[in-house]
**Q** 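There's a structure below that I have some questions on.
To find a chain, count down the sequence lines: A is the first, B the second, and so on, and within it residues start at 1.
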Amino acid sequence: MAARFNPLEADARWQQVWEEQGTFHASGDGARPRAYILEMFPYPSGRIHIGHVRNYVMGDVLARYKRMNGFDVLHPMGWDAFGMPAENAAMEKKVHPGDWTRSNIDTMRAQLKLLGFAIDWTREFATCDPSYYGHEQALFLDLYEAGLVYRKQSEVNWDPVDMTVLANEQVIDGRGWRSGALVERRKLSQWFLKITDFAEDLLDGLGRLDQWPDKVRLMQENWIGRSRGLRFTFRLDTPLPGSEGLGVGSERSELSDSEFRQPSAEPTPDPSLAGRGIESFEVFTTRPDTIFGASFAAISPDHPIATALAEGNEALAAFIAECKQGGTTAAELETAEKKGFDTGIRVIHPLDPDWTLPLYVANFVLMDYGTGAIFGCPAHDQRDLDFARKYGLSVTRVVAPSPEEAEEPIGDEAYTGPGRLVNSRFLDGLAAEDGVREVIARAEAEGWGEGTTVWRLRDWGVSRQRYWGTPIPIVHCESCGPVAVPRGELPVVLPEDIDFETPGNPLDRHPTWTRAGCPGCGGTARRETDTLDTFVDSSWYFIRFASQPADAPFDRAEAERWLPVDQYIGGVEHAILHLLYARFWTRALQRIGKLDVEEPFRGLFTQGMVTHATFQDAAGRWLTPDEAESHEGPVTRGRVEKMSKSKRNTVDPEPIVDQYGADAVRWFMLSDSPPERDLEWSEAGIQGSWRFVQRIWRLAAEEAERGSSTWLGDGDDVGLERKVHRAIAAVGANIEALAFNKAVANLYELTNALEKAPTSPSRSKAVETLIRLAAPMVPHLAEEAWVALGREGLIADADWPTADPALLVEEEVTIAVQVNGKLRDTLTAPKGASREMLEEMALASDKVARVLDGQPPRKVIVVPDRLVNVVA
RNA sequence: GCCCCCGUGGCGGAAUUGGUAGACGCGCUCGACUCAAAAUCGAGUUCCGCAAGGAGUGCCGGUUCGACUCCGGCCGGGGGCACCA
């Protein structure tokens, strides 16, 4: 029997056995209950990094644990293979994005296999396979036909470095989320998915996701952003020339009853509106109670009225142009001055026909939220206050926190707190929130407005001016307009013969691919050269993993048997976008009758990052950890940070696996840090894990040498058995709760107990139990030990041990004895001892007597099996 | 600016519904084995104190027989959103 476990030899051997036996294939035969464990699939960027390892180890432990508990486990792996890095690599290294991607996949697959993950590799696919994205194109057309896809000319975020359009959520602090370039505004025709149609349902659904982190639910809630308030009409006191009684914004109420869609979902306003005349427009407010504090109205520079007015007004046109060129960075926005242009028009206060307010075009009013127009109440809104101060508009307090402050003037800060209404005519004396209801009721009764809900969520723009993505299955015909590619012609295969010499989308310049016949009229058409946002690819891959027929995206019945994913594990950076899009996509499929699943992910876990110390030389150059060690001259140890190529503090898992074996790496990934928190990589840590792997091996090897015959018969070390059974219960509960660090601690505790325990049949049995409990975490070692102990078959197929409830209950308990809440003594009492007995034992304690010093206790509190507190 | 989370030894972190704070690991100290080292094993390790004892979960206060846990107010760190009316 080898004195040491040798992973270099054992790891590969067991990996091969698992592969040959198909141990981890999900059968789907219905013989066992199903469990679907999924980690967010990786982008094939080159090599596996340690963060991937942590992510997949967590899922793997759960998958193996579920298998041992009798589940038919689906634990697949694939590749989120489209995206910009491949194109960047193509431009920098003159390789084809497809070749680069596929070669990375081969490398990373081999690396993942070194870690012995219990993955069903038969279901592997990459999103850049035509056999995947072809089905995605079909689903896109399904949504198109169902009216959930539309095309719109819209101002988009243009990334001048990546030469592409970014979704709002891909713009971070006004910069492209990948390139970091300052984003510009451009108008392009884009495809949009109507995620806003599902806003309410996506929000309400969050309340039922009780196995999601609160943090993620909150982030999505804020992102969806429901606001309730009043939408009402301002009439112009002097209608614009040529007025025929048309109102701007009134067409929105035709879209739906009490809610209306974002203006962004509508066609660009007809510029001829100006000629048609305008006599009113709508505004939205969450604070209708402050309506008597109004001192101006303002519209967005993009508002149709602003556009119409600008046609005959050069100064206004110049003002609007100025607004549009302003930067969009956070810093600029924060310091950006509130700017306005007085149109000279006045609007009539809805509750007083004799009261008019000036109408401004203001730079801080957003066209794509609410109605693109507001009323300004400076006393109770900071932006309005800044604006009013700048343009000398009146500031009237209408909410007072107390009666004494009713006439208190507003200083530099708007009052946004609670209070009662003042200076508000018929509203005076009402609490502000009652005023909201009162004004909405009155507006509805009088017909000038209605209570409504407005969403912060915008529709999802999915067009990308990029080559390496799923082609949008549409052709543009000169006479028919955009036409869907017939199903029989799918997939629209991305051409591989392209040229990357110039930036932008090489599809645009492709000589033949762009030419297509029009399915409608048979004439010539041009293929859509935009590709889909890669978030579309990742919005349904988990369905394809569950079921992958050749002729359809998925088989409905089979997909419904696996879904929803029982446990989804990934980085918190996907808390909003990916998870929201996947939830939307699943609901959209449900609406069009393709799949009856509401929520795609029942359980969600967001794991922390792996961090590492950073090092710099005297010149401030970043050093790798290895360089730092051998560097001549001073080295500064910097902060512990997220691993990144720029800081050069990454750790390549492969050499570590070569040195310590897969199990030590897996164990380290699970140890110490709670999985939702960051884990600091350290050499000492991996060495500690290596030692533990060897400790378990030693226990098993010793046992094997003694021979199994010695442990037949009843156990004789009840104390040890209690510890074993407590460990069984604790490890299982902690794995199910994904509290891997605690499960690790449980296993250390059991190992410590076993090493100290004298040999006995109980101990022999306990060693086998320890191996089973550790198997999901250190599977190669466990298989090796299983064989050494003479067991048949694979431990991967073995059962998880069952905790005997009788052994989980202690016979004796330690009782804390306190005086006035301070611990003075402990005593041992039989489990379930009576209050009277415990009180008597506590009062008999010398230490208690000494503290009491002859005083009789005033009161004695007894918590059975826990403590006695003597109050003196 | 708004919203949310977190502050426990030298370090990572444990601690059911309020009930013995510091499990477990790392590191460190001492000892054993060894010519020596590595590996391994044993003992110890919140702080002050020789001890008895005292203090202690960011700070201040409160509720309670009893607070890491609940409440209020500060201080510090982290995350999300970005002029959302």
Side-chain angles (χ1 to χ4, degrees), chain A residues 3-4 168-169 171-174 213-223 225-227 229-230 262 283-287 290 298 300 328-334 336 338 362-366 368-377 380-384 386-387 416 454-458 572-573 575-576 667-668 671-674 677-680 682 684-685 687-689 691-692 694-695 698 733 739 741-752 755-756 814-826 850 857-863 865-872:
Chain A
R4 280 196 166 202
N168 281 336
E169 43 272 44
V171 179
I172 295 156
D173 292 342
D214 290 343
K215 181 172 73 167
V216 174
R217 290 194 290 178
L218 189 73
M219 280 162 73
Q220 293 215 350
E221 192 180 316
N222 291 339
W223 190 263
R226 172 161 57 193
S227 292
L230 172 70
Q262 299 296 328
V283 299
F284 171 75
T285 178
T286 56
R287 292 296 303 275
T290 64
S300 164
T328 49
T329 66
E332 280 176 281
L333 280 177
E334 230 161 71
K338 303 285 174 280
N363 67 341
F364 65 94
V365 181
L366 306 175
D368 58 357
Y369 181 80
T371 61
I374 61 160
F375 84 82
C377 176
H380 306 291
D381 181 287
Q382 192 59 45
R383 287 160 311 176
D384 295 350
D386 295 345
F387 190 81
T416 55
V454 162
W455 305 90
R456 184 189 171 285
L457 184 68
R458 313 290 151 90
V572 72
E573 67 273 20
I576 298 174
W667 185 259
F668 178 64
S671 303
D672 292 348
S673 278
R677 272 193 232 173
D678 290 352
L679 170 71
E680 188 187 342
S682 79
Q687 282 167 8
S689 297
R691 281 201 294 275
F692 179 71
Q694 296 301 342
R695 277 173 73 194
R698 228 173 291 126
N741 59 320
K742 296 187 209 170
V744 161
N746 299 144
L747 287 170
Y748 270 116
E749 224 163 339
L750 179 59
T751 305
N752 290 343
E755 285 174 342
K756 289 198 173 71
T814 306
I815 305 291
V817 180
Q818 300 178 334
V819 177
N820 294 332
K822 268 194 200 314
L823 184 72
R824 294 299 174 180
D825 201 359
T826 58
R850 201 186 314 147
R858 282 200 289 141
K859 193 174 170 188
V860 179
I861 284 155
V862 181
V863 182
D865 295 335
R866 279 269 183 196
L867 61 70
V868 179
N869 188 14
V870 179
V871 185

**Q** Would you mind classifying the nucleic acid contact of Val365(A) as base, sugar-phosphate or nothing, using non-hydrogen atoms under 4.0 angstrom?
**A**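 Here Val365(A) touches the bases of the nucleic acid.
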**Q** When rounded to the nearest Å, what value does the distance between P atoms of rG56(B) and rC48(B) take?
**A**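 After rounding to an integer number of Å, I get 15 Å for this pair.
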**Q** If you take atom types as modelled and just measure distance, does the side chain of Arg691(A) reach the base of rC26(B) with a donor-acceptor pair under 3.5 Å?
**A**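 Side chain to base: no pair below 3.5 Å.
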**Q** According to a strict under-4.0 Å criterion, is Arg850(A) in side-chain N/O contact with OP1 or OP2 of rG53(B)?
**A** yes
**Q** Judged by atom type as modelled, is there a donor-acceptor pair below 3.5 Å linking the side chain of Asn869(A) to the main-chain atoms of Gly821(A)?
**A** yes
**Q** Can a donor-acceptor pair be found, under 3.5 Å and without considering hydrogens, that links the side chain of Ser300(A) to the backbone of Val365(A)?
**A**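 Indeed, once roles are kept as given, a pair shorter than 3.5 Å links the two residues.
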**Q** Mind calculating the distance between CG (Asn363(A)) and P (rA82(B)) to the nearest angstrom?
**A** 18 Å
**Q** Looking at the side chain of Pro674(A), which of rG13(B), rA85(B), rC24(B) is the nearest nucleotide?
**A** rG13(B)
**Q** Ignoring hydrogens and geometry, is there a side-chain-to-backbone donor-acceptor pair from Gln220(A) to Ala575(A) under 3.5 Å?
**A** yes
**Q** rA82(B), rG19(B), rA85(B): which one has an atom nearest the side-chain heavy atoms of Tyr369(A)?
**A**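 Between rA82(B), rG19(B), rA85(B), the one nearest the side chain of Tyr369(A) would be rA85(B).
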**Q** If you only use heavy atoms from C-beta on, which nucleotide in rC3(B), rG19(B), rU20(B) is closest to the side chain of Ala816(A)?
**A**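 When the side chain of Ala816(A) is considered, rU20(B) is the closest of rC3(B), rG19(B), rU20(B).
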**Q** Which dot-bracket string fits RNA chain B when only Watson-Crick or G-U wobble pairs with both atom distances under 3.5 Å count, crossing pairs get [ ], and | stands for a partner on a different strand?
**A** (((((((..(((......[....)))((((((.......))))))(((....)))..(((((..]....))))))))))))....
**Q** Quick one: which of rU20(B), rG80(B), rG13(B) gets closest to the side chain of Met219(A)?
**A**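 Between rU20(B), rG80(B), rG13(B), the one nearest the side chain of Met219(A) would be rG80(B).
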**Q** Please confirm whether any donor atom in the side chain of Lys338(A) sits under 3.5 Å from an acceptor in the base of rC83(B), or the reverse.
**A** yes
**Q** Give one of base, sugar-phosphate or nothing for Val871(A), where a contact means two heavy atoms less than 4.0 Å apart.
**A** sugar-phosphate
**Q** Rounded to whole Å, how long is the line connecting atom CD1 of Ile374(A) with atom P of rA85(B)?
**A** 11 Å
**Q** For rA23(B), does OP1 or OP2 lie under 4.0 Å from any side-chain N or O of Asn741(A)?
**A**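 It does not, given that no N or O in the side chain of Asn741(A) lies less than 4.0 Å from OP1 or OP2 of rA23(B).
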**Q** As a test of reading the structure: which of rC3(B), rA15(B), rG13(B) is closest to the side chain of Lys742(A), going by heavy atoms?
**A**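 Per side-chain heavy atoms of Lys742(A), the pick is rA15(B).
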**Q** Could you work out which one of rC84(B), rU20(B), rA82(B) sits closest to the side chain of Thr814(A)?
**A**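 Selected nucleotide (nearest to the side chain): rU20(B).
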**Q** Rounding to an integer number of angstrom, what distance separates rA67(B) and rG31(B) when you compare their C1' atoms?
**A**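 It works out to 41 Å between them.
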**Q** Taking atom C1' in both rU69(B) and rA21(B), what distance in whole Å separates the two?
**A**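 Nearest-Å result for rU69(B) against rA21(B) at atom C1': 11 Å.
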**Q** Examine rA85(B): is either OP1 or OP2 under 4.0 Å from a nitrogen or oxygen in the side chain of Ser227(A)? Give yes or no.
**A**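 Affirmative; the distance criterion is met.
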**Q** Decide, yes or no, whether a salt bridge links Arg287(A) with Asp381(A) under the criterion of side-chain N to carboxylate O below 4.0 Å.
**A** no
**Q** Taking the side chain of Tyr748(A) as its heavy atoms from C-beta onward, which of rG66(B), rC81(B), rG25(B) lies nearest to it?
**A** rG25(B)
**Q** Can you see if the side chain of Arg824(A) gets near the phosphate of rG54(B) - specifically, an N or O under 4.0 Å from OP1 or OP2?
**A** yes
**Q** From the set rC84(B), rC3(B), rU20(B), return the single nucleotide nearest to any side-chain atom of Arg383(A).
**A**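 From the listed options, rC84(B) comes nearest.
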**Q** Please check if the side chain of Asp384(A) supplies one atom and the backbone of Cys377(A) the other of a donor-acceptor pair under 3.5 Å.
**A** yes
**Q** Could you tell me which residues satisfy side chain to side chain donor-acceptor pair (under 3.5 Å) with Arg695(A), sequence neighbours excluded, listed by chain and number?
**A** Asn752(A), Glu755(A)
**Q** Without swapping roles, check the side chain of Ser673(A) against the backbone of Asp678(A) for a donor-acceptor pair under 3.5 Å.
**A**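 Judged by distance alone, yes, a pair lies under 3.5 Å.
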**Q** Could you encode protein contacts along nucleotides 41-50 of chain B as a string, one character per nucleotide from 5' to 3', using B for base contact, S for sugar-phosphate-only contact and - for no contact, with a heavy-atom cut-off of under 4.0 Å?
**A** S---------
**Q** Out of rU20(B), rG25(B), rG80(B), which nucleotide sits closest to the side chain of Ile576(A)?
**A** rG80(B)
**Q** Please state how far atom CD in Glu221(A) lies from atom P in rC3(B), giving the value in whole angstrom units.
**A**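 Distance, rounded to whole Å: 13 Å.
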**Q** Give a yes/no answer on whether the side chain of Lys822(A) brings an N or O atom under 4.0 Å of OP1 or OP2 in rU20(B).
**A** no
**Q** Let me know the distance between CG of Leu823(A) and P of rG53(B), rounded to the nearest Å.
**A** 12 Å
**Q** Salt-bridged, Arg383(A) to Asp386(A), with N to O below 4.0 Å?
**A** no
**Q** Nearest 0.5 Å please: distance from the CZ atom of Phe284(A) over to the CZ atom of Phe375(A).
**A**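 It comes to 11.0 Å.
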**Q** With a 4.0 Å limit, can you tell me whether Arg677(A) has a side-chain N or O closer than that to the phosphate oxygens OP1/OP2 of rG13(B)?
**A**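 True: Arg677(A) side-chain N/O within range (under 4.0 Å) of rG13(B) OP1/OP2.
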**Q** Hey, is rG79(B) sitting syn or anti, using the within-90° cutoff around 0?
**A**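 rG79(B): anti.
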**Q** rC24(B), rU16(B), rC65(B): which one has an atom nearest the side-chain heavy atoms of Arg866(A)?
**A**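 My answer, after comparing the listed nucleotides, is rU16(B).
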